[in-house]
Amino acid sequence: VQDVIKIANRILHSFEEPFLLEGYELYVNASLGISIYPLDGNDAEDLMKKANVSMHWGKEKGGSTYKFYTAAMDKRASAELVLENDLFKAIEKNELYLCYQPQIDIFSKNMIGAEALVRWKHPKLGEIPPSKFIPLAERSGFIIRLGEWVLRKACEQLKRWHQNGFSGIKVAVNLSTLQFRQKNLVNMVMEILKETGLKPVHLEMEITESSAMQDPDFTIAILKKFTEMGIEIAIDDFGTGYSSLAYLKRFPLQKLKIDRSFIQDLNHKEESQAIVSAIIAMSRNLGLKVLAEGVETKQQFDYLKQQGCEQIQGYFFSPPLWAEKFEQIFLK
Ligand code: C2E
Ligand code: MG
Ligand code: MG
């Protein structure tokens, strides 16, 4: 075990230096999972499986670390496997539904749109938050089907709302990393828009910084197609990933969504204030819209308004609501 720790540390240490790739300095994280013969297993397959489980455990704890296999990990891994299997059937069994959270123009206080957020009501376990099942769906690839389902439902819903006279609002849909890389993404989106009759200008796609930065040239190509169709692109959770500002300028996108964590710290952390003001100023200079996520208090609202942030989303105005409730409150 002592030898293994030494090797693991040496490997991790070697990743502290950046890699030089076509003139860019690239930092890469490594996560190591370790299983030991014969303590953890008797054959290669079993040992590899357990090392893999421990690696994922390490990644979830933030990566850049090594983890030895423990039985507790396996217990959770099998619980996740059960959940993953249930998730496969959740669409057919009508256990998934969408909630909508309004997005507000900070100056007029008008609702300009809503973000669609997926929910899972598990028959035995009750409500399971997306933070728990989206990563599972990503890992298994099921996110491709799930994402398509979400997009179709959101477009159908918005089309109905438009037909009922609320034609001014847009819907924002989240795209996960794997979805973003799926081959027929652009066609799939086009098909759904055609099928539901929703105009592209009423659809916004949210992608995270990290998925946009994974392969910037690929990102530019896809975003260009969306933008040409009239679909708006927002970068979600902005400030938490590592985006190169040079690329930010090159990406065809329309909006930055400042991550909730900075908004939460606004009242007591000066550095968060500095970051938020800087993001707002930068958006303005780049000609991008800017939205603050997770606004909960009047104090935060006032600060954002004073800084010139254009849009907000958060409990201060409304939590995500299921469609009927959303209609009752906002579409009367
Ligand atoms: P996100 O896209 O950044 O969505 C915003 C999250 O912040 C939502 O969590 C929302 O409920 C929460 N939130 C909004 N306002 C406030 C506030 O004032 N205070 C606090 N504490 N939280 C607030 P939710 O619905 O649990 O979703 C979490 C994440 O799961 C989303 O983050 C998104 O990354 C992912 N997700 C949700 N639905 C989908 C989906 O349909 N597809 C994909 N790929 N990902 C999804
Ligand atoms: Mg989002
Ligand atoms: Mg976000």
Side-chain angles (χ1 to χ4, degrees), residues 87 90-91 95-104 106 111 113-121 127-158 170-182 185 188-189 192 203-212 232-241 243 253 255-267 276 279 289-301 304 309 311-323 325-326:
L87 186 58
I91 294 182
E95 292 165 8
L96 298 179
Y97 62 100
L98 295 184
C99 273
Y100 296 87
Q101 187 176 34
Q103 299 183 333
I104 310 298
I106 212 166
M111 181 182 55
E115 177 174 3
L117 295 155
V118 67
R119 297 286 178 265
W120 181 15
K121 194 166 164 49
E127 293 285 345
I128 300 175
S131 55
K132 226 170 170 179
F133 68 85
I134 294 283
L136 288 187
E138 274 264 303
R139 223 184 300 164
S140 64
F142 183 66
I143 192 74
I144 303 291
R145 271 192 62 207
L146 179 74
E148 190 173 335
W149 181 88
V150 168
L151 185 69
R152 181 171 287 111
K153 286 283 161 194
C155 291
E156 282 170 1
Q157 182 64 75
L158 201 75
K170 304 178 63 148
V171 70
V173 174
N174 293 285
L175 274 188
S176 80
T177 309
L178 198 70
Q179 262 182 294
F180 191 63
R181 316 209 78 74
Q182 93 189 68
L185 175 68
M188 185 271 279
V189 173
I192 288 183
L203 178 63
E204 188 172 289
M205 300 280 203
E206 296 190 3
I207 57 169
T208 60
E209 245 180 311
S210 41
S211 65
E232 287 210 342
I233 306 293
I235 299 281
D236 203 355
D237 307 337
F238 187 76
T240 56
S243 44
L253 52 94
K255 184 163 162 183
L256 297 182
K257 297 187 76 180
I258 309 174
D259 189 65
R260 195 173 79 216
S261 55
F262 302 112
I263 309 300
Q264 242 157 16
D265 289 342
L266 267 185
N267 304 339
V276 168
I279 297 177
K289 292 178 214 163
V290 59
L291 177 146
E293 294 190 289
V295 179
E296 293 182 354
T297 66
K298 172 95 170 53
Q299 226 178 337
Q300 293 163 348
F301 179 89
L304 290 160
C309 181
Q311 302 176 4
I312 59 150
Q313 185 182 337
Y315 297 169
F316 178 61
F317 204 83
S318 168
L321 302 165
W322 41 292
K325 191 95 190 154
F326 186 90

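Numbering of ligands and ligand atoms starts at 1, following listing order.
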Between [X] and ligand 1, find which residue part has any heavy-atom pair under 4.0 Å and reply side chain, backbone, both or neither.
X    : value
K257 : neither
D236 : side chain
L117 : both
V173 : neither

Protein N/O/S atoms under 2.8 Å of the Mg ion (ligand 3)? D236 OD1, D237 OD1, E293 OE1, E293 OE2
By atom name, which N, O or S atom of E115 is the nearest to the Mg ion (ligand 2)?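 When I compare the N, O and S atoms of E115, OE2 is nearest to the Mg ion (ligand 2).
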Please indicate whether any nitrogen or oxygen in E115 is less than 3.5 Å from any nitrogen or oxygen in ligand 1.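 For ligand 1, there is an N or O atom that lies under 3.5 Å from one belonging to E115.
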Kindly confirm or rule out an N or O of R260 lying under 3.5 angstrom from an N or O of ligand 1. yes
Mind telling me whether W120 and F133 have parallel, tilted or perpendicular rings, with 30° and 60° as the class edges? perpendicular
Could you check L158 against L203 for side-chain contact (heavy atoms from CB on, under 4.5 Å), going step by step and ending with a plain yes or no? CA-CA 9 Å; L158 201 75; L203 178 63; over 6 Å; no
Would you say G147 touches ligand 1, if touching means a heavy atom closer than 4.0 Å?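 It does not, in that no heavy atom of G147 comes within the 4.0 Å cut-off of ligand 1.
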Mark the output for E138 as yes if a heavy-atom distance to ligand 1 is under 4.0 Å, and as no if none is. no
Can you pull out the closest protein heavy atom to [atom]? Residue, atom name and distance to 0.1 Å, please.
atom                    : answer
atom 26 (O) of ligand 1 : P130 CG, 3.4 Å
atom 18 (O) of ligand 1 : Y315 N, 2.8 Å
atom 5 (C) of ligand 1  : E293 OE2, 4.1 Å

Ligand-side contact atoms (ligand 1) for residue partner [X], heavy atom cut-off under 4.0 Å:
X    : answer
N174 : 2 (O), 39 (C), 42 (N), 43 (C), 44 (N), 45 (N), 46 (C)
V118 : 38 (N), 39 (C), 40 (C), 41 (O)
Q101 : 14 (C), 15 (N)
P320 : 11 (O)
E296 : 17 (C), 18 (O), 19 (N), 20 (C), 21 (N)
S176 : 44 (N)
Q179 : 44 (N)
G314 : 15 (N), 18 (O)

Mind checking the [atom1]-[atom2] spacing from [X] to [Y]? Nearest 0.5 Å is all I need.
X    : Y    : atom1 : atom2 : value
R119 : L96  : CZ    : CG    : 11.5 Å
K257 : Q311 : NZ    : CD    : 9.0 Å
I279 : L291 : CD1   : CG    : 12.0 Å

What's the shortest heavy-atom distance between E204 and A234, and which atoms?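 Minimum heavy-atom contact is OE2-CB, 3.8 Å.
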Would you please test N174 and E115 for side-chain contact (heavy atoms from CB on, under 4.5 Å) and show each step? CA-CA 8 Å; N174 293 285; E115 177 174 3; 2.8 Å; yes
Specify whether the nearest protein heavy atom to [atom] is under 4.0 angstrom away.
atom                    : answer
atom 34 (O) of ligand 1 : no
atom 16 (C) of ligand 1 : yes
atom 21 (N) of ligand 1 : yes

Exactly one of L266, L304, N267 should register a side chain to side chain contact (heavy atoms under 4.5 Å, CB included) with Q299. Which one does?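 Result: among L266, L304, N267, N267 is the only option passing the side chain to side chain contact (heavy atoms under 4.5 Å, CB included) with Q299.
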If you apply the rule side-chain contact (heavy atoms from CB on, under 4.5 Å), what do you find for S243 with F238, and how did you get there? CA-CA 9 Å; S243 44; F238 187 76; 3.5 Å; yes
